[in-house]
Structures are given as C-alpha cells and as structure tokens.
Amino acid sequence: MKRSILLPVVMCCLIFSVTSPAQNNLALTPPMGWNSWNHFAERIDDKTVRAQADAMVASGLRDAGYVYINIDDTWEGQRDASGFIHPNEKFPDMKTLADYVHGKGLKLGIYSSPAAKTCAGYEGSLGHEEQDAQIYAQWGIDYLKYDWCQSTGSLEEMKAAYTKMHEALKKTGRPIVLSLCEYGWNKVWEWGPSVGGNLWRTTGDISDQYRVMAEIGFNQNGLENFAGPGHWNDPDMLEVGNGGMNEDEYRTHMSLWAMLAAPLIAGNDLTKMTPYTVEMLTNREVIAVDRDPMGKQGFRVAQEGPFEVWMKPMADGSKVVGLFNRQRTIESMTVNFSQIGIKREAQVRDLWLKKDLGTFERSFSAYVPAHGVVLVKIKQK
Ligand code: GLA
C-alpha cells in the first residue's frame, strides 16, 4: 500500500529567527562525545573513564568526531578549609585523568549544579562558583554540564545562577563549553545564549525505551528557530547501544538527533559495542547531517497519524528528509518534493545504505520499517 503524506505542516520554519551569537565561540557544530550517566550512573570512576577514553579511540568514534569524555554526577567529594572542591575517592587525581584524556586527543567534561547539592545529592557549586571554575580550569576541564535539578528560585534567579557560572568560567581564560540543564521548564531556548549557554536540555531525562526516546525527539518540532552555531537545543544524550531498543528504533534515534542538530553524546559502554553499534554511531553521512555548518535544526513538514516527514536544510542546498514510521508495522511512505521546496527532478541518496538511489520526479517513496526511518538526502537536479 502506498501512503502519501497529505497534510503539509505550515512551512513557517523556513524563517529562522536570529539568535544571539555564541558568547565563547565554542560548539560551532553540536558537541559530540560520551557521558557516563545513561549507562553507568553512580558506578563511574577514574578507571572506567580511562577505559571509555581508550575505547573511544580504538573503536573509531574519536575519528568520527566524538571528542568529549564527560563525567556526570557523583564524582564530587568534600571542600577543603579554603572552600575548594576535591573529587571523592573514585577519582584520585582529576588533573592526571585530564592529562590522560587529552593525551588521547580527547577533551574532558564534568558536571555540577548551581545548588548546595547536585541532583544525586553530592556537593554543588552554590556560593563557590568562582572557585569551582578555577579548579576546573586547573584540572584541564573542557566542558561543564550545569544541572538546575535541586535548585529552587524564580526564572530571574535561574538566569542569574547560569550567568554567574558563565562569568566564572570566562574569567579562567580556559575555553569551557557550558551545557545548561533545566529540562526546558522555563523555555531555556529563548534565553540560553544570553546566559552563556552553548547547549541546553529541552526535556526531562531520556531512557532506553522507544516510547520515551520518540516522545522526546518528535516533540522537538517547533524549537528549530532557537538552535544555531554555538547554541543548541539538547534533547538529552544518546541511548544507542544500551540494549533497550531494536536496530530500527536506534536508527530512528540517531537519525532524529542528527536531523535536530542535537549534541551527539553517546551514553553506552564504549568498551562493549557490537560492530552494529559502532557502525550506527560512526556513520559519517549521518554525522554530517548533524554537523552541517549552516546549523539549521530540522523540523516536521508533514504528518498523518504515526507517519511523519521531517526535513533539514543543508548548507549545500540539499534537503535531508527523514520518513519516520511510528507505528508497529512496516508502511510505505512518500515525500512530495513540493513539501520540501524542490521542483520536479531531484537526486536521492540513502544515508544509511550509503547508496545513490537515482533521479526521482516530484516525489520519493519507500517502505519504512516499524518504528523505523528512511533517511535520504535530496538534491535538486
Ligand atoms: C539529572 C540529569 C541527568 C543526570 C543526573 C545526575 O537527572 O537530567 O542527565 O545528570 O541528573 O544526577
């Protein structure tokens, strides 16, 4: 059965609003790396981080663009008499660890909160912002995820707290990417760049289930005006390779995040990847969609029930199109070229098959697996 997508969504999204430029000239493409939380949560320590860094290189992820090794919550120890924070016993020497990670051609990220306690109840940065920033810089930290979680306060207080850390980081003179995490509670996309954010979580926590991933990913539609070089919407870290979704579902996850120009922060155990997981995380053509220098976030152009057509404009004038099937059975889907601003004839390339499919007139159709995607690059002839 051929299903034509009949309901074009208003193409308002082609008008990209002007967002403030990045304040620190970092993250001109969406950050790529790995974070400890999704797979290891509290079970993260120095040895595990080193093993992940080794695997990042050995698996080819580094060479595909994944450079940040980010330690999430639970590294924090006590403050000394002068107020400087020390890591807990799981991390004997953060500077040596940073040197190790840097020696592999990678960068090191860390986590804190603008409250007395972090989300997991460890020591937060409240009242010690400058000292923490100084220590991070001394250790050689390159990325900070700053999680509102346990904080209370008004929107103005939230903005002030983020600005304070941004200023403290700036004062160190070390380039440190600032990742805001306030779950989209206060429309952070509207003010994230003004408080120095390079990226900001737009949602609650992801988990390794199709239902949760799909709800988060497809709900990003409408936020496309707020992303761009230096400041990105962050629908949370990847679950690819953690085992809770099948291959078609993970392909949807990866394709959707790439179309969203989302940070690609792997959240699996890099030391135990199947060849399939490596291939999925390192597909250069899909990564190139995410990192397109124009930095436009993709959006939905048509929807009919569980069938969604998304489009991402690319710097070379081509359009990347995702045909997403959210139902549990295979279905034929179609994108009409008029829905993506293409006239008559176009060349179509399948980015997962890495194969040119030929020249098509007026539309392109494909069978899309259950919970799956067909991701193509369409170029006007
Ligand atoms: C929150 C964040 C997660 C993780 C945990 C750590 O839940 O959303 O990504 O950082 O805190 O405690």
Side-chain angles (χ1 to χ4, degrees), residues 27 30-46 48-49 52 66 68-78 85 87-88 90-91 94 107-126 132 136 141-153 158 161-162 165 176-189 192 195 197-209 211-213 215-217 219-220 223 232-242 244 253 257 260 262-270:
M32 290 176 66
W34 171 89
N35 174 294
S36 56
W37 189 257
N38 281 0
H39 187 85
F40 293 96
E42 310 82 23
R43 302 177 317 277
I44 187 68
D45 56 18
D46 179 282
T48 309
V49 171
Q52 297 300 313
Y66 295 81
Y68 290 100
I69 289 279
N70 291 348
I71 304 167
D72 208 281
D73 204 354
T74 80
W75 65 268
E76 308 87 344
Q78 302 304 314
I85 191 149
N88 59 36
K90 297 191 295 173
F91 290 91
M94 214 46 115
K107 294 172 186 284
L108 189 65
I110 210 160
Y111 166 102
S112 191
S113 286
K117 296 285 174 209
T118 65
C119 211
Y122 288 69
E123 182 72 18
S125 291
L126 183 66
D132 285 1
Y136 301 156
I141 296 294
D142 306 292
Y143 183 116
L144 172 67
K145 173 174 169 184
Y146 207 40
D147 184 359
W148 184 253
C149 191
Q150 299 253 18
S151 304
T152 50
M158 183 187 273
Y162 279 123
M165 184 49 93
I176 300 178
V177 168
L178 180 57
S179 157
L180 314 183
C181 181
E182 61 79 75
Y183 319 101
W185 288 338
N186 280 296
K187 296 191 177 167
V188 58
W189 43 87
V195 300
N198 293 114
L199 60 155
W200 44 80
R201 282 273 296 278
T202 54
T203 73
D205 288 13
I206 198 167
S207 64
D208 190 17
Q209 302 164 60
R211 185 187 56 76
V212 177
M213 178 280 294
E215 193 179 314
I216 287 180
N219 276 346
Q220 300 303 298
L223 298 186
W232 308 100
N233 291 311
D234 174 10
D236 209 357
M237 303 166 292
L238 297 171
E239 292 284 5
V240 174
N242 276 333
H253 186 10
W257 263 235
L260 291 169
L264 297 179
I265 308 290
N268 56 319
D269 181 352
L270 304 181

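Read the numbers this way: they start at 1 and go in the same order the structure lists the ligands and their atoms.
Near ligand 1, residues Trp37, Asp72, Asp73, Tyr111, Cys119, Ala120, Lys145, Asp147, Cys181, Tyr183, Arg201, Asp205, Met237 come within 4.0 angstrom through at least one heavy atom.
More than 12 heavy atoms of other shown residues, nucleotides or ligands fall within 6.0 angstrom of atom CD in Gln209.
Taking the ring-ring contact (aromatic ring centres under 6.0 Å, His included) definition, one finds that Phe40 meets it with nothing, sequence neighbours left out.
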Note to self: Determine whether Tyr143 and Ile265 satisfy the following criterion, side-chain contact (heavy atoms from CB on, under 4.5 Å), listing intermediate values before the conclusion.
What the structure shows: CA-CA 12 Å; Tyr143 183 116; Ile265 308 290; 4.3 Å; yes
Next item on the list: Take Asn242 and Asn268 through the test side-chain hydrogen bond (donor to acceptor under 3.5 Å, both in side chains) and record every step on the way to the result.
Entry: CA-CA 5 Å; Asn242 276 333; Asn268 56 319; 5.6 Å; no
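Residues Asp147 and Tyr162 come closest through the heavy atom pair C-OH, 4.3 Å.
Listed for the Ser36 side chain is a donor-acceptor partner under 3.5 Å among the backbone atoms of Asp72.
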